[in-house]
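Protein chains get the first letters and strands the later ones, always in sequence-line order, with residue 1 at the start of each. Everything numeric in this text was worked out from a predicted model, so none of it was measured.
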2 protein chains.
Amino acid sequence: MTATTVHEPTHREALWELEDAFERGDLITIFGRCTVEYDGRAASSLGLGRRLLLLKPDGTALVHTDEKQKPVNWQPPGSEHHAAVRDGRLRVRSVRTSPDETLDVHFETVEQLSAMAVSGRRDLSVTGSEADLRNALLDRPAVIESGFEPLATERPTDAGPIDLFGRDTDGRPVVVELKRRRVGPSAASQLQRYVAAIEREDGDDAAVRGILVAPSVTDRARRLLAEHGLEFVAVEPPSSTGDAGGSTTLDTELSQTDAVDDSAHDPAGDATGDDDGEPARTLSADEESH
Amino acid sequence: MTATTVHEPTHREALWELEDAFERGDLITIFGRCTVEYDGRAASSLGLGRRLLLLKPDGTALVHTDEKQKPVNWQPPGSEHHAAVRDGRLRVRSVRTSPDETLDVHFETVEQLSAMAVSGRRDLSVTGSEADLRNALLDRPAVIESGFEPLATERPTDAGPIDLFGRDTDGRPVVVELKRRRVGPSAASQLQRYVAAIEREDGDDAAVRGILVAPSVTDRARRLLAEHGLEFVAVEPPSSTGDAGGSTTLDTELSQTDAVDDSAHDPAGDATGDDDGEPARTLSADEESH
DNA sequence: GCCTAGGTCCCGTGT
DNA sequence: ACACGGGGCCTAGGC
């Protein structure tokens, strides 16, 4: 039996169970009527109510209600849990330093307390991240633009690391910013920062191009891109189920790879002139690290 | 008794309990050996292990291990929970649409299943937010700069809403961006976007000033600010316990309000020239919306 | 420890 | 619905 539960314990019984569970490194759930106070980076307080407190052996504390994905109050990993009986209530206090933060949960009554031994893998492999998108594009750089040659990923600049850096067929440097989902103004600004940084650093006469690669872009972001002569290429993230126009299931082979549309990019700079109707291409990311 | 628990139930017993709990709108916890698969905006899978599944009546599903604050897998509010016995395992499936997402948790064995009726307030009042900082500054605009006159908050522009907009003693428009914590490059870019937008819209001859108000700024962000002629004012967020130099406890009265330093801001633009050692001022935000 | 940026971000607010 | 930005964001990766 790896899970022990007590119902309606006295505060003192609950305290004993808690101390034992802390000792064993168990995952602990406490359900009961409680108040919650937090003070640290901000401050908050929560009146009486039935809630679930989750205590992890790594120092995490989570207070959950019946709504929302995020806990109504919490303490990050690395905190220290302490339990005590004060003024007829069970007080569970979770504290950490740098920054100094304290979470206090005062239980008027504990309806249930459980302790469980957790085990097993906790690392999961996620597909569909921006890194997957980057790898897929490294395999098929022509999706960005026919003849695009990748030179570096995460290239450092004064303004931060560039997702993907390369050169176009004319030999002009190209800064590529990747996003796994629809982008807003901040992504446009981010790309603009990087382009400006490369222009300052390389200082070549050749103008630096900036291309935002994402599934789609908001109107405002599109305008901001245009203002700075930046470009946009629509690409669905790998493993996305969403499709724009009866897309086929993801194959390892991308269908119209070299049908990159003959419209030459205009060197003038008022780019982003791709037709709006252009459907986003879907990428697969079967091969890791090629 | 508002919490019911069954230990080591058969899958069929667990299923009955689950259906009842769904019906009652209870908060449910299931602890046992399980695998987890997710497919939707991304995709992931997680091998066998002992974990805690939390199901909320609002459709939220959370899979927690013994580490980290964030669940290892989850489903947002609005999803629909379904339970079934398949291939000798208890399958809990949480599904939502737009975007289409499915979370499957397959329990090989259920060690414990609990259902509890949650109640009580779930809204908490947090102090120390950016809005509190804004209100404090509206009460004491001289903290930003002697003679600064606030004219609008959340003023809309082509680039998005400006936190605080006003005028300096020379009548020049001032864009203020507020941050409750140390800022990096993105905040500098954000401010720059807003300043450019105001310059385009108002189109006055008077140059638009931009001031970033935050507790502190990174080197990179400071350089970016300087490049665009933007300024920085150090202000601690209200209710912060952190102090730079034996700060007093937060009073409603701010101590050296009008000791704003006589160094006139240079109209040239290579600003941000405040001495680095300048200690941040601490604000209180006692009065809401005065 | 700090810095930088991603995230199945979540979440509230406005349109 | 989408859009936009805040968050006690959290978390990972580098330095």
Side-chain angles (χ1 to χ4, degrees), chain A residues 38-44 60 67-78 96 98-103 123-124 126-131 133-134 154 156-157 159-163 177-187 190 193-194 216-221 237 239-242, chain B residues 38-44 60-61 67-77 79 96 98-103 123-124 126-131 133-134 154 156-157 159-163 177-187 190 193-194 216-221 237 239-241:
Chain A
Y38 157 76
D39 191 35
R41 287 170 288 178
S44 72
T60 303
E67 282 185 340
K68 298 297 155 59
Q69 176 169 341
K70 291 187 62 177
V72 65
N73 270 125
W74 69 90
Q75 200 68 297
R96 75 158 174 165
S98 74
D100 285 339
E101 288 186 303
T102 302
L103 178 73
D123 57 315
L124 83 172
V126 188
T127 67
S129 64
E130 182 183 296
L133 175 57
R134 168 168 54 74
E154 306 296 328
T157 73
I162 294 178
D163 282 345
E177 174 64 28
L178 307 176
K179 293 295 178 206
R180 69 179 311 283
R181 52 176 196 163
R182 185 173 175 84
V183 300
S186 64
Q190 193 180 357
R193 276 210 316 271
Y194 297 157
S216 58
V217 62
T218 67
D219 280 352
R220 203 120 71 176
S239 139
S240 164
T241 54
Chain B
Y38 158 74
D39 191 34
R41 286 168 290 179
S44 73
T60 303
E67 284 186 338
K68 300 296 156 59
Q69 176 169 341
K70 292 187 62 177
V72 65
N73 271 123
W74 70 90
Q75 198 69 298
S79 309
R96 75 159 174 165
S98 76
D100 284 339
E101 287 188 305
T102 302
L103 178 72
D123 57 313
L124 82 173
V126 188
T127 67
S129 64
E130 183 184 294
L133 175 57
R134 169 168 54 73
E154 306 297 329
T157 72
I162 294 178
D163 281 345
E177 173 64 28
L178 307 176
K179 292 295 176 204
R180 71 180 309 283
R181 50 178 197 162
R182 185 172 174 83
V183 300
S186 64
Q190 192 180 355
R193 274 210 317 272
Y194 296 156
S216 58
V217 62
T218 67
D219 279 352
R220 203 119 72 176
S239 144
S240 163
T241 54

- [ ] Encode nucleotides 4-11 of chain D as B, S and - characters from 5' to 3', where the letter depends on protein heavy atoms closer than 4.0 Å: B to the base, S only to sugar-phosphate, - to neither.
- [x] SSSSBBSS

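Across the protein-nucleic acid pair, B/Glu154 atom CD and C/dT15 atom P stand 11 Å apart, rounded to whole Å.
When the side chain to side chain contact (heavy atoms under 4.5 Å, CB included) test is applied to A/Thr218, the partners found at least two apart in sequence or on another chain are A/Arg182, A/Pro185, A/Arg220, A/Ala221. By the side chain to side chain contact (heavy atoms under 4.5 Å, CB included) test, B/Arg181 pairs with no residue at all, sequence neighbours left out. In this structure, the side-chain hydrogen bond (donor to acceptor under 3.5 Å, both in side chains) partners of A/Arg193, at least two apart in sequence or on a different chain, are B/Ser189. Considering only residues two or more places apart in sequence or on other chains, A/Arg96 meets the salt bridge (charged side-chain N to carboxylate O under 4.0 Å, His left out) condition with A/Glu101. Scanning for side-chain hydrogen bond (donor to acceptor under 3.5 Å, both in side chains) contacts around B/Asp163 gives an empty result, with sequence neighbours left out. Taking the side-chain hydrogen bond (donor to acceptor under 3.5 Å, both in side chains) definition, one finds that A/Ser44 meets it with A/Asn73, sequence neighbours left out. The side chain to side chain contact (heavy atoms under 4.5 Å, CB included) test applied to B/Glu67 returns A/Asp58, A/Arg122, B/Thr65, not counting sequence neighbours.
Taking atom C1' in both D/dC10 and D/dG6, the straight-line distance is 14 Å, to the nearest Å. If you take atom P in C/dC11 and the same atom in D/dT11, they sit 15 Å apart, rounded to whole Å. Taking atom C1' on both nucleotides, D/dC9 is separated from D/dG5 by 12 Å, rounded to a whole Å.
Contact between A/Thr157 and A/Gly160 at its shortest, heavy atoms only, is OG1-O, 2.6 Å.
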TODO: Under 3.5 Å for both distances, Watson-Crick or G-U wobble, that's the pair rule; now give the dot-bracket for DNA chain D, with | marking pairs to another strand and [ ] for crossing ones.
DONE: |||||||.|||||||

